[in-house]
Amino acid sequence: QVQLVESGGGLVQAGGSLRLSCAASGRTFSNYIMGWFRQAPGKEREFVAHISGSGSNTYYTDSVKGRFTISTDNAKGTVYLQMNGLKPEDTADYYCAAVPVRYWRGASYYTRVANYDYWGQGTQVTVSS
């Protein structure tokens with residue numbers, strides 16, 4: 001069992017930055033894919049970014065490329081999402097997710113909500129214009 005706890009959300013003006021953290025306990029995530037998703041009011045949960053447990057492979061949705069960076073600190077058991085150049089359309093609840101990796105299934109596989117086994121409770125990000 002993996003427990004995920006997100007933090008770091010808040011209210012920020014457009015153009016500002018936030019860093020989200022996801023603390024993972026219960027298992028080492030070196031053998032997991034860790035993902036960030038978001039869900040805006042009235043919309044479906046959508047993929048933002050994922051990273052291999054080793055931190056060597058990352059993948060982003062197009063709308064955040066060049067602005068967001070996903071990273072890991074294995075010693076702390078924490079995954080980060082550094083968000084720069086925030087826009088009002090980035091406003092959403094942000095969720096951390098994890099899935100064990102037995103073999104690599106391709107980057108697009110890990111963009112799907114249904115393919116993750118563990119989820120955090122979410123942290124709210126609001127970007128004002």
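Atom set for the values below is all heavy atoms of this structure, side chains included, hydrogens, waters and symmetry mates excluded. We number each residue from 1, following the sequence as shown.
- For L86 against R67, the heavy-atom pair with the smallest separation is CA-NH1, 3.9 Å.
- Heavy atoms only, all atoms of each residue included: A14 and P88 are closest at CB-CD, 4.1 Å.
- Remark: side-chain polar atoms of T91 are paired, donor with acceptor, to backbone N or O of V127 under 3.5 angstrom.
- Taking the six-membered ring where tryptophan is involved, the planes of Y118 and Y32 are tilted, since the angle between them lies from 30° to 60°.
- Separation of atoms OG1 (T69) and CE (M83) is listed at 11.0 Å; rounding is to 0.5 Å.
- The heavy-atom pair separating V48 from V64 by the smallest distance is O-CG2, 3.8 Å.
- Residue T78 comes nearest to S21 through the heavy atom pair CG2-CB, 4.1 Å, listed as atom of the first residue, atom of the second, then distance.
- N31 places no side-chain N or O within donor-acceptor distance of the main-chain N or O of G53, the cut-off being under 3.5 Å.
- In the hydrophobic cluster analysis, where Ile, Leu, Val, Met, Phe, Trp and Tyr join through side-chain heavy atoms closer than 4.5 angstrom, Y95 is grouped apart from I51.
- Between the side chain of S56 and the backbone N or O of S54, no donor-acceptor pair lies under 3.5 Å.
- Atom CD of E46 and atom OG1 of T61 lie 6.5 Å apart (nearest 0.5 Å).
- The only option from L20, D93, L11, L81 that meets the side-chain contact (heavy atoms from CB on, under 4.5 Å) definition with V125 turns out to be L20.
- The two residues S17 and G85 come nearest to each other via the heavy atoms OG-N, 4.4 Å.
- Under the side-chain hydrogen bond (donor to acceptor under 3.5 Å, both in side chains) criterion, N115 pairs with no residue, sequence neighbours left out.
- The two residues H50 and A107 have their closest heavy-atom pair at NE2-O, 3.0 Å.
- For E6 (side chain) and C96 (main-chain N/O), a donor-acceptor pair under 3.5 Å exists by modelled atom type.
- Among residues at least two apart or in separate chains, there is no salt bridge (Lys or Arg N to Asp or Glu O under 4.0 Å) pair with a member in residues 101-129.
- At a threshold of 4.5 Å between side-chain heavy atoms, the hydrophobic network of Ile, Leu, Val, Met, Phe, Trp and Tyr places V79 and F68 in one connected group.
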TODO: Decide side chain to side chain contact (heavy atoms under 4.5 Å, CB included) for I33 and Y109; before the verdict, give the C-alpha distance in whole Å, the side-chain angles of both, and the deciding distance to 0.1 Å.
DONE: CA-CA 11 Å; I33 295 293; Y109 178 89; over 6 Å; no
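- W119 and V5 fall into different hydrophobic clusters, defined by Ile, Leu, Val, Met, Phe, Trp and Tyr side-chain heavy atoms under 4.5 Å apart, directly or through other members.
- The aromatic rings of Y116 and Y110 sit perpendicular, their planes meeting at an angle over 60°, well past the 30° parallel limit.
- The number of heavy atoms from other shown groups lying within 6.0 Å of CD (E44) does not exceed 12.
- How far CD of Q124 is from OH of Y94: 11.0 Å, rounded to the nearest 0.5 Å.
- Hydrophobic clustering keeps V99 apart from I70 (ILVMFWY residues linked when any side-chain heavy atoms are closer than 4.5 Å, directly or through intermediates).
- The ring-ring contact (aromatic ring centres under 6.0 Å, His included) test with F47 is passed by exactly one of F37, W36, Y60: F37.
- Residues forming a side-chain hydrogen bond (donor to acceptor under 3.5 Å, both in side chains) with K65 (at least two apart in sequence, or on another chain): D62.
- Between the side chain of S52 and the main chain of N57, a donor-acceptor pair closer than 3.5 Å is present.
- For the pair R19 and Y80, the distance from NZ or CZ to the six-membered ring centre is under 6.0 Å and the angle to the ring normal is within 45 degrees.
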